[in-house]
Amino acid sequence: MALKIIASQCTVCGACEFECPNGAIRMKGDIYIVDPKKCTECDGQFDEPQCAAVCPVPNTCVKAAPAA
């Protein structure tokens, strides 16, 4: 499972990009995206996903729906 960033809520502050221990977040165009192949939800590294912990807008970094 991975997280995703709700683009309509993201303020593009960039805090999440620098806190991600896996380098899973990057800028694409004018929005930040999460690479699901790199995102581990910080499992085994932190108690909670660091992108969600540092994001100033609640519920912007959320769990992505599983692939169908």
Side-chain angles (χ1 to χ4, degrees):
M1 188 75 81
L3 295 178
K4 67 177 182 179
I5 297 171
I6 306 296
S8 63
Q9 296 179 192
C10 179
T11 62
V12 195
C13 70
C16 57
E17 180 181 22
F18 299 108
E19 292 299 323
C20 179
N22 302 311
I25 299 173
R26 65 179 173 89
M27 191 78 155
K28 182 177 182 183
D30 59 351
I31 62 171
Y32 280 99
I33 61 168
V34 178
D35 182 341
K37 293 179 183 173
K38 292 182 178 179
C39 179
T40 64
E41 298 184 19
C42 297
D43 189 37
Q45 296 171 300
F46 296 96
D47 291 337
E48 64 180 306
Q50 292 303 283
C51 56
V54 300
C55 182
V57 182
N59 302 316
T60 298
C61 298
V62 298
K63 289 188 178 192

At what distance, to the nearest 0.5 angstrom, does CD of Gln50 lie from CG of Asn22? 10.5 Å
Linked hydrophobic residues, Val12 as query - side chain contacts closer than 4.5 Å: Ile5, Ile25, Met27, Tyr32, Val34
Hydrophobic clusters join Ile, Leu, Val, Met, Phe, Trp and Tyr when side-chain heavy atoms are under 4.5 Å apart, directly or via other members; which others share one with Leu3? none
Donor-acceptor contacts, no H, no angles, side chain residues 57-64, under 3.5 Å, sequence neighbours left out:
{"residue": "Thr60", "atom": "OG1", "partner": "Gln9", "partner atom": "NE2", "Å": "3.2"}
{"residue": "Thr60", "atom": "OG1", "partner": "Val57", "partner atom": "O", "Å": "2.9"}

Considering all heavy atoms, the nearest Ala7-Ile31 contact: CB-CG2, 4.3 Å
Does anything in residues 44-56 form a salt bridge (Lys or Arg N to Asp or Glu O under 4.0 Å)? List the pairs, not counting sequence neighbours. none
Taking only residues two or more places apart in sequence or in another chain, which ones pass side-chain hydrogen bond (donor to acceptor under 3.5 Å, both in side chains) with Glu41? none
side-chain contact (heavy atoms from CB on, under 4.5 Å) filter on Pro21, not counting sequence neighbours, yields Cys42, Gln45, Phe46
Provide the full list of salt bridge (Lys or Arg N to Asp or Glu O under 4.0 Å) pairs with a residue in residues 5-23, sequence neighbours left out, each pair given once. none
Quick one: list whatever passes side-chain contact (heavy atoms from CB on, under 4.5 Å) with Lys28, sequence neighbours left out. Arg26, Ile33
Holding to side-chain hydrogen bond (donor to acceptor under 3.5 Å, both in side chains), I want the full list of residues that pass it with Thr11, two or more places apart in sequence or in another chain. none
